Amino acid sequence: MGTNDKYEYKAIEQKWQQRWAQEKTDRATHRTGGKKYYVLEMFPYPSGRIHMGHVRNYSIGDVVARYKRMQGFNVLHPMGWDAFGLPAENAAMQRGIHPASWTDENIDYMRNQLKAMGLSYDWDRELATCRPDYYRWEQQLFLEMLEKGLIYRKETVVNWCDDCRTVLAREQVVDGVCWRCDQLVQPKTMHGWFFKITAYAEELLADLDILTGWPEKVVTMQRNWIGKSTGLACDFKVENSTESITIFTTRPDTIFGVTFMSLAVEHPLLKSLTADTSQEQEVNDFIRETVLAKQRATPDQETEKIGVFTGRHCINPFTGERIPIYAANFVLMEYGTGAVMAVPAHDQRDFEFARAYGLPVRVVVQPQDEQLDPATMSMAWEGPGILADSRQFSGMDSTAAQAAIIAFAEEKNFGGPHITYRLRDWGISRQRYWGAPIPVIHCGTCGIVPVPKNQLPVLLPGTDRPDGDHRPLHQQEKFFMVSCPRCGEMARRETDTMDTFVESSWYFVRYTNPSLTDHPIDEEAARYWLPVDQYIGGVEHAILHLLYARFFTKMLRDLGYLTIDEPFTNLLTQGMVIKDGAKMSKSKGNVVDPNDLIERYGADTVRLFSLFAAPPERDLEWNAQGVEGASRFLNRVYRLVHRHLDCFQNVEPIDRADLNDASRKLHRKTHQTIQRVTESIESNFHFNTAISAIMELVNLTVTLTGEQEDMHPAALKKALETILTLLFPMVPHFCEELWEASGHRHLLGSAVWPDYDREAAREEEILIVVQVNGKVRARLSVPAGTDDQALQQAALADQKISQLLENKKPKKIIVVQGKLVNIVV
RNA sequence: GCGAGAGUGGCGAAAUUGGUAGACGCACUGGACUUAGGAUCCAGCGGGCCCGGCUCAUGGGGGUUCGACUCCCCCCUCUCGCACCA
């Protein structure tokens, strides 16, 4: 073997990375005509270094990008940094530096890591959300949303994380603790800014139906998160009061079974109902204890249902009946109206409560096949049935009764149809430094005054110096002491920054023209490139990021920037990289550092392994020996090509009639492989099976060229070129190097994805399975295209078969063209 | 509890308009070449047996069919998401 037979990945990868960068092979240009393809991987947080999850995510995306380029698409494949966030502040505090310098260092380091992987990004479009040229446009969008009434400010009980010293969105509270630091979340009353995502609840729900390119799982999760319920809203007048209590129910058909009313402890009426009554003390004690208990509760334990009578009553408008009002620990203020009409016979929670407090149970829906008796019931009947004891509605089917009862309430003017969503408006205020400042000013006389657009950006103070001040903005007088832009009086600048999820809600739009200096969005570029054709990322963003990005897309459409309704046509949620059965994490000590792997095996080998070990949507079990296998395969291909460099001299076209048996066999396999690889990628990005198909072709080529000397050079050349071309999107440096070594002048990356010839791919001989009573008894090799009649005869004539059959007469013979013959006796 | 998904060799996995179960790779075993081999090449590799053949086998049990990993019914296990949502 010559010295050039050694696969020197290090030199090869450096060489081609430089060449691609010089020639800007991955630059996306907005050109007229032709088909565009926008492939995007979720951009990383610049935490320090890339991990195996990134490697997997970006390898998948890069194959898609390179494959689509070879197919003639005009491909946009950008990369950037989701660069605001708390870790930068924490790191800055620890090291006495500024979050900006920590972030910039990380970005520089990680960019080099990504470049070392040979990912085909258009680096000219790189953006970092912490830079003023990004967040100033976000501030402008904020102001435009504010003008449109899509943002408002209110005082609410928020989720407060003491550790991070900030408010969290509901989506960022996981099992009652902070998603970042696992600190128990506390309720706190504060003012904050809210995006009116609920204004889009209906559209966000309805458009899930058109997301046919999304995993069912993600669509379902979003649907549940939006949580639409339809039913009746209805007023119950409070006795001896002008107040009334509004309830929401999805079961209006049970309204004649109401025997009491339950209020959440946070319900605004609760305190006034008991004020100056003998119950006041007891109710207030209950409220205090319940609030405390809710804080202490661990998420998955169901607490006992307890409550306290308020001493007051309200009137069921349907019956005129007087019913007691309770405060109860299981009623949620956040859902519906915070007041629940209690129907013990038909709601399990109400049932348990009623039994505990000796309240009446009244059956008003009788199921089909049994007769419920309140005295003997051991649990509520929540299913459908026929209405009983419900005045004019008695005898109706429960489904029909729901509509009739809502209509009745509407007619009598004490209620009507109502829709409730689980989805809440998105609280975006954060009391931290390292985020985009919210561009408004609070003036004592003018109220809330938007920062004039020509004064944007509202810059984060201190970013101009590596040791600059990065205390939270409300501690920086120089920042918040301003004069009102409207009246000129002393005023206070808003000191909250935006949730970092705001940045990631529109970055994919900004990529279409990230250097635009006078507008947030280049409408023409956005029209050309959007929507994103293929989005790839972890399933952990199924709700948070993907819902926010959908919301932003619809809102930006309504602000006139976009013409699309949905941002991501196809979504691929890749599985986690796991080791020893657990997700790789520092705390478990099972992380594999991509740097070490690239150093030891080269980027191409690492890419190949991560694509080969599992289909993309499934979890990938890390296996060091599997990487060896990938490396071995590439070395094998490297030697194979170098051994047969001379065949590339051939310029004759292939005439199949001229090929000997072995050459024809190889030629056939070549075309079959093109077909299999193309179909694997097209159908579901199952690169693992694509790679295995290429391995088969490589194996056959090695075998045939080893066995015989007289392989037709044209067939061999076609096989080798096909191997390199099909493998290119996965292991680009490697293939480009061999492509050049075999005398090609143009870059393989700009080559065209091969077509397969059905004729050439067709088998000449096919294997027919002969079954007797469904069991395989023999295999026959017959010429392709043998007709059913001949197949049947050949099967019956087979020695083994005729022996087995002896003299039994076949009852039935089933022939499947090109596949099998089944003889039933 | 509700919702979604998944269960195939020692391991990662292939195969679905129902038609040879285990492609491809890892690990392992034997052999070749070698001073050496953790390189390379060749062969074997689900279980059982009276092994050149037969038989069992795709979480378990039933069903449909000439034929079921694939379709239908029941059950078990695991993963993920949501969870007192009125």
Side-chain angles (χ1 to χ4, degrees), chain A residues 1 174-175 215-225 227-229 231-232 247-251 254 262 264 297 299-305 328-332 334-343 346-350 352-353 382 420-422 539-540 542-543 575-576 581 608-609 612-615 617-630 632-633 635-636 639 676 680 686 688-696 698-699 702-703 706 767-779 800 810-825:
Chain A
M1 274 188 215
V174 180
D175 292 343
E216 189 57 39
K217 174 183 171 145
V218 175
V219 170
T220 306
M221 281 167 71
Q222 291 218 352
R223 183 169 287 126
N224 293 341
W225 189 262
K228 178 181 179 176
S229 317
L232 167 74
I247 59 95
F248 169 73
T249 179
T250 56
R251 292 294 305 274
T254 63
S262 317
D300 50 347
Q301 83 189 78
E302 195 161 310
T303 45
E304 195 196 347
K305 287 164 187 56
N329 67 342
F330 63 93
V331 179
L332 304 173
E334 311 86 73
Y335 184 81
T337 61
V340 178
M341 64 173 216
V343 187
H346 305 294
D347 182 285
Q348 186 57 28
R349 293 157 301 181
D350 297 342
E352 286 168 31
F353 193 87
E382 296 183 337
T420 298
Y421 298 93
R422 217 187 78 105
V539 73
E540 65 272 21
I543 295 173
M576 292 182 302
L608 186 68
F609 171 74
F612 179 60
E617 69 279 3
R618 210 182 293 192
D619 284 351
L620 185 155
E621 172 75 39
W622 181 255
N623 178 350
Q625 282 153 337
V627 188
E628 293 280 354
R632 206 175 300 160
F633 170 69
N635 276 291
R636 190 170 153 89
R639 287 192 306 272
R676 280 175 63 189
S680 290
H686 277 196
N688 55 330
T689 54
I691 293 166
S692 70
I694 300 170
M695 285 172 167
E696 283 186 43
V698 170
N699 290 346
V702 169
T703 307
L767 197 68
I768 298 294
V769 172
V770 184
Q771 298 180 328
V772 176
N773 291 337
K775 295 199 164 155
V776 181
R777 297 298 174 181
R779 294 177 174 86
K800 224 184 278 165
K811 248 191 256 169
K812 193 170 163 191
I813 300 181
I814 291 136
V815 181
V816 181
Q817 178 78 68
K819 277 184 179 153
L820 61 70
V821 178
N822 188 10
I823 303 161
V824 187
V825 291

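Each chain gets a letter, A, B and so on, in the order its sequence line appears, and its residues count up from 1. Not measured: the values here are computed from a predicted model. Side-chain atoms are counted along with the backbone in the values below, which use heavy atoms only and exclude waters and symmetry mates.
Backbone-only contact: A/Arg618 has heavy atoms under 4.0 Å from sugar-phosphate atoms and none from a base. The residue A/Asp350 sits apart from the nucleic acid: no heavy atom pair falls under 4.0 Å. Looking at heavy-atom distances under 4.0 Å, A/Pro215 makes no contact with the nucleic acid at all. Contact annotation for A/Gln348: no contact, since no heavy-atom pair falls under 4.0 Å across all strands. Residue contacts for A/Val824: at a heavy-atom cut-off of 4.0 Å it reaches the sugar-phosphate backbone alone, with no base atom in range. Within the 4.0 angstrom heavy-atom criterion, only backbone atoms of the sugar-phosphate kind lie near A/Asn688; the bases stay farther away. Among the atoms of the strands shown, base atoms are found under 4.0 Å from some heavy atom of A/Val331. Counting any heavy atom pair closer than 4.0 Å across all strands shown, A/Phe612 reaches a base atom. Counting non-hydrogen atoms under 4.0 angstrom, A/Ile691 reaches nothing in the nucleic acid. Across all strands shown, A/Gly227 has no heavy atoms under 4.0 Å from either base or sugar-phosphate atoms.
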Contact state string [nucleotides 45-57 of chain B, B base, S sugar-phosphate only, - no protein heavy atom under 4.0 Å]: ---------SSS-

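For A/Trp225 and A/Tyr421, the ring centers sit 6.0 Å or farther from each other.
With its glycosidic angle within 90° of 0, B/G9 is assigned syn.
A/Leu332 places its CG atom 10 Å from the P atom of B/A83, with the value rounded to the nearest Å.
Using modelled atom types and a 3.5 Å distance limit, the side chains of A/Asn224 and A/Arg422 yield no donor-acceptor pair.
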